[in-house]
Amino acid sequence: MDTAESNNSTAGQAAPISEQVSAAILRALTLAVATQELPSGLTLPSQITLERPKNRDHGDYATSVSLSLAKPAGMNPRAVAELLRTYLLADVEIKESISAIDIAGPGFLNITLARAGQGSIISAILSEGEKYGHGSALAGTSINLEFISANPTGPLHLGHTRWAAVGDALGRVLSAAGAKVTREFYINDRGNQMELFGASIRAAAQGLAVPEDGYHGEYITDLAALIKAEHPEFLDLPEAQSFDAFRDAGYALQLADQQRVLANFRTNFDIWFSEKSLYENDFFKHCLDRLKEQGHVFEDGGAIWLRTTDFGDDKDRVMIKSDGAFAYFASDSAYYISKRERGFDVCIYMLGADHHGYVHRLKAIAACAGDDPSYNIDVLIGQMVKILENGEELKLSKRAGTIITLEELVEKVGVDAARYTLIRYPVDTPMVMDVDVLRSRTNENPVYYVQYAHARICAVLRNATDLGIAYGADQIHPELLENERERELIGALAEFPRVVAGAAELREPHRIARYAEELAGIYHRFYADCRVLPLGDEPATELHSARATLCSATARVIANSLALLGVTAPEKM
RNA sequence: GUCCCAGUAGCUCAGUGGAUAGAGCGACCGCCUCCUAAGCGGUAGGCCACGGGUUCAACUCCCGUCUGGGACACCA
């Protein structure tokens, strides 16, 4: 792909055209205030956000500033718009890029780009390549992104899989928006569940029944057999040591298995954080002291509490139980403080729906630590995933003993389809994955729809090369791209940086998937209406080169979108 | 009881306060002697659950009601 792309990785890139336009609008407003054509006391917005009109008759960009300023200015909105129009048309920095400014409806300002402005979009895509779409919306922000954090006591299941896909994609999106992102997996390696896990494996190794409240999947017997083969002496140890030995060996194997499965799913972490480590080197005591300084710790009934009700929680939470044991909440508190002390500005938690009750108390921890819960901590709740095959819900997993695992899902539909489908829905709504749809190769399977568009373009470009048709940064010819489909396609390509920034700020990677689908659809329609390569023995013209170049830019943007989702962009299908 | 999420086309769902509310599926009718038909075009299908409020403008924000789903621990 992009074989003919010229290698001029030259000088400073101009700001995206949409930013140039919105800056010009702001200049126009400032001028109008200076000349008192707008009242001098008028407070102007700090930034003009442009909309992309749904209706193409309304131009490439639209703004409603005149509507919102009309009332404070005590003017008719259309008069404000008229004023803006005059100044914009006179603005030397922007007027070359604009072909028309129309005032519509109650006072919308509709801006149509000149061909040259459209050409600059294609040029930016080709020169920025893999970086096109990346921006600085979150530059300077250090983010800790914690997701999955499954207990190391069994295989990863469907719920974890949703987070694996969405969390990883969110990490990619946040990075693309300029944030410094650290992906972290919190390992619950202490507490009752670990003991039960060890006891279950040991029982299996002895050929005994697994405890009632223990772990029952087939994998427990597998682990027991593995450990017994490696360390037959574990069974002869004194009981307490024997439990510990099985627990620790099982933990190591299970964690390694989760890491293997996740790596295969293209989900990687920077830090695997051990809960146990929170209690080493007096770290917990340090955390408790910090919370005490803020004045929200108290003692009652022999237990140590955090007064989370000071910050909207419905009840206070116990950190140290009256028997001296640490409650799970102690770990939560210390873990949050650990993240902040490690230098993260924003801590994002991705939790399952069964943890939604945790949102208030986690936010309260931040507040109790003296932080701003609306900025320093962000808790995302993911709803349930169901999986359907042959019209019936899949529930049983041979391995886990309960629900279907990440690995089984991948075996059924592949990494690309699994990742894409899990990411394309907002996480706060329950979703259903239909295995039969994910295996189908039609419009109803969005991942193939998008990938197909990419492969289709690659095929066209291969043919272009065979025919000796040049395409690339020196073959943009924006003045030739006047078909409605071409304009629509360029407009969609120009949107990508804003989509990425929005997805990052809202923590909603599904927006990238939806954008990719829309872009793919627009390309397919362009392809149906606009012949890219010469027909038969037709001579090659600059229009063919211009269209091939547009194809190349489109492939770039589709590939960049899919890359943000961790999904491959195949060149052949 | 308290809290969270949802209610948009027959179905599954998008929709960052803007103009005529969208997509896929399903239904019906069409399009390949030449660039990937895993594609494209057209028709049909909507009191955006309901009632108030804020706003120049509400599917979108606020309050309330109804319906559905989920969560409540000195468990982890």
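Here is the naming used below: chain letters follow the sequence lines, and residue numbers restart at 1 for every chain.
Using a 4.0 Å cut-off between charged nitrogen and carboxylate oxygen, A:E518 and A:R52 count as a salt-bridge pair. Here A:R507 pairs with A:D378 in a salt bridge; the nearest charged N to carboxylate O distance falls below 4.0 Å. Using a 4.0 Å cut-off between a side-chain N of Lys or Arg and a carboxylate O of Asp or Glu, A:R56 and A:E484 qualify as a salt bridge. Here A:E389 pairs with A:R439 in a salt bridge; the nearest charged N to carboxylate O distance falls below 4.0 Å.
Comparing B:A73, B:G18, B:C3 against the side chain of A:H360 picks out B:C3 as the nearest. Looking at the side chain of A:M573, the nearest of the listed nucleotides B:C13, B:A38, B:G18 is B:A38. Between B:U36, B:A71, B:C25, one nucleotide has an atom nearer to the side chain of A:E444 than all others, and that is B:C25. For A:H356, the side-chain atoms get nearest to B:A71 when compared with the rest of B:A71, B:A73, B:U36. Checking B:A14, B:G18, B:A71 against every side-chain atom of A:D354, the shortest atom distance belongs to B:A71. Side-chain atoms of A:P426 lie closest to B:A14 of the nucleotides B:A73, B:A19, B:A14. For A:A104, the listed nucleotide lying nearest its side chain is B:A19; candidates were B:U36, B:A19, B:A38. Ranking B:C74, B:G18, B:U36 by closeness to the A:L67 side chain, first place goes to B:G18. Taking every side-chain heavy atom of A:S322 into account, B:C74 is the closest of B:C74, B:U36, B:G70. Nearest nucleotide to the side chain of A:N463, out of B:C40, B:U36, B:U55: B:U36.
A gap of 38 Å separates the P atoms of B:G51 and B:C40, to the nearest Å. Distance check on atom P: B:A44 versus B:G22 gives 14 Å, rounded to whole Å. B:G45 and B:U8 have their C1' atoms separated by 14 Å, with the value rounded to a whole Å. Comparing the C1' positions of B:G68 and B:C28 gives an interatomic distance of 34 Å, to the nearest angstrom. Taking atom C1' on both nucleotides, B:C11 is separated from B:G7 by 15 Å, rounded to a whole Å. Between B:A14 and B:A57, the two P atoms lie 29 Å apart (nearest whole Å). Straight-line distance between the C1' atoms of B:A23 and B:C66: roughly 29 Å, to the nearest whole Å. Comparing B:C63 with B:U2, their P atoms sit 15 Å apart, to the nearest whole Å.
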Please determine whether salt bridge (charged side-chain N to carboxylate O under 4.0 Å, His left out) holds for the pair A:E195 and A:R247, giving the CA-CA distance in whole Å, both sets of side-chain angles, and the decisive distance to 0.1 Å. CA-CA 7 Å; A:E195 305 307 325; A:R247 181 197 63 205; 2.9 Å; yes

For side chain to side chain donor-acceptor pair (under 3.5 Å), just list the numbers for A:H360 and A:D313, CA-CA rounded to whole Å, side-chain angles, deciding distance to a tenth of an Å, and then say yes or no. CA-CA 5 Å; A:H360 281 134; A:D313 198 3; 5.3 Å; no

Please step through salt bridge (charged side-chain N to carboxylate O under 4.0 Å, His left out) for the pair A:K54 and A:D57, ending with a clear verdict. CA-CA 9 Å; A:K54 276 172 269 181; A:D57 294 339; over 6 Å; no

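Taking the six-membered ring where tryptophan is involved, the planes of A:F284 and A:F326 are perpendicular, since the angle between them exceeds 60° and thus also 30°. Using cut-offs of 30° and 60° for the angle between ring planes, the A:Y328 and A:Y186 rings count as perpendicular.
As judged by a 4.0 angstrom heavy-atom cut-off over every strand, A:A70 is placed among residues making no nucleic acid contact. Within the nucleic acid shown, A:G301 comes within 4.0 Å of at least one base atom, counting heavy atoms only. Within 4.0 Å (heavy atoms only), A:S440 reaches no atom of the nucleic acid at all. As judged by a 4.0 angstrom heavy-atom cut-off over every strand, A:R361 is placed among residues touching the sugar-phosphate backbone only.
Remark: P of B:G18 and CD of A:E51 are 6 Å apart, rounded to the nearest angstrom. Atom CG in A:D102 sits roughly 17 Å away from atom P in B:A19 (whole-Å rounding). Look at CZ on A:R317: it is 13 Å from C1' on B:C75, rounded to the nearest Å. Between A:R424 atom CZ and B:C25 atom C1' the separation is 11 Å, expressed in whole Å. In this entry the distance linking OH of A:Y61 with P of B:G18 reads 17 Å, nearest Å. For the pair A:L109 CG and B:G18 P, the computed distance is 17 Å after rounding to whole Å. Note: NE2 (A:H510) to P (B:C13) measures 14 Å, nearest angstrom. Following rounding to the nearest Å, A:Y425 (OH) and B:A14 (P) show an atom-to-atom distance of 7 Å.
Proximity of A:K321 to the phosphate of B:C75: a side-chain N or O atom is located under 4.0 Å from OP1 or OP2. Contact annotation: A:H454 side-chain N/O to B:U36 OP1/OP2 distance is not under 4.0 Å. Between A:K315 and B:C74 there is no side-chain N or O to OP1 or OP2 distance below 4.0 Å. In this model, the phosphate group of B:A19 is approached by a side-chain N or O of A:K54 to a distance below 4.0 Å at OP1 or OP2. Dashed line: the shortest gap from a side-chain N or O of A:R511 to OP1 or OP2 of B:U16 is under 4.0 Å. Under 4.0 angstrom from either OP1 or OP2 of B:C56 there lies no side-chain N or O belonging to A:S66. In this structure, A:R456 reaches the B:A37 phosphate: one of its side-chain N or O atoms is under 4.0 Å from OP1 or OP2.
Of the two residues contacting RNA chain B, namely A:D314 and A:Y448, the nearest-nucleotide position lying further toward the 5' end is that of A:D314. The 5' end of RNA chain B is approached more closely, in terms of each residue's nearest nucleotide, by A:S64 than by the other of A:Y452 and A:S64.
B:C32 adopts a syn glycosidic conformation, its chi angle falling within 90° of 0.
Counting atom types as modelled, A:N110 pairs a side-chain N or O with a base atom of B:A19 as donor and acceptor under 3.5 Å.
A:Y452 has its ring centre less than 6.0 Å from the ring centre of A:H524. In this structure, the ring of A:H355 has its center no less than 6.0 angstrom from the ring center of A:Y349.
Base-pairing analysis of RNA chain B finds the following stems of at least three consecutive Watson-Crick or G-U pairs, with both pairing distances under 3.5 Å: B:1-7 with B:66-72, B:10-13 with B:22-25, B:27-31 with B:39-43, B:49-53 with B:61-65.
Across residues 524-537 of chain A, A:H524, A:R525, A:Y527, A:A528, A:C530, A:R531, A:V532, A:L533, A:L535, A:G536 each have a non-hydrogen atom less than 4.0 Å from an atom of RNA chain B (numbered order).
Paired with A:T554 under the rule side chain to side chain contact (heavy atoms under 4.5 Å, CB included), one option of A:Y527, A:F526, A:Y523 passes, and it is A:Y523. Remark: of the listed residues A:F147, A:W272, A:W163, A:W272 is the sole one forming a ring pair (Phe, Tyr, Trp, His ring centres under 6.0 Å) with A:F185.
Residue ring and nucleobase are stacked for A:F108 and B:A19, with a centre distance beneath 5.5 angstrom and an angle between planes beneath 30°.
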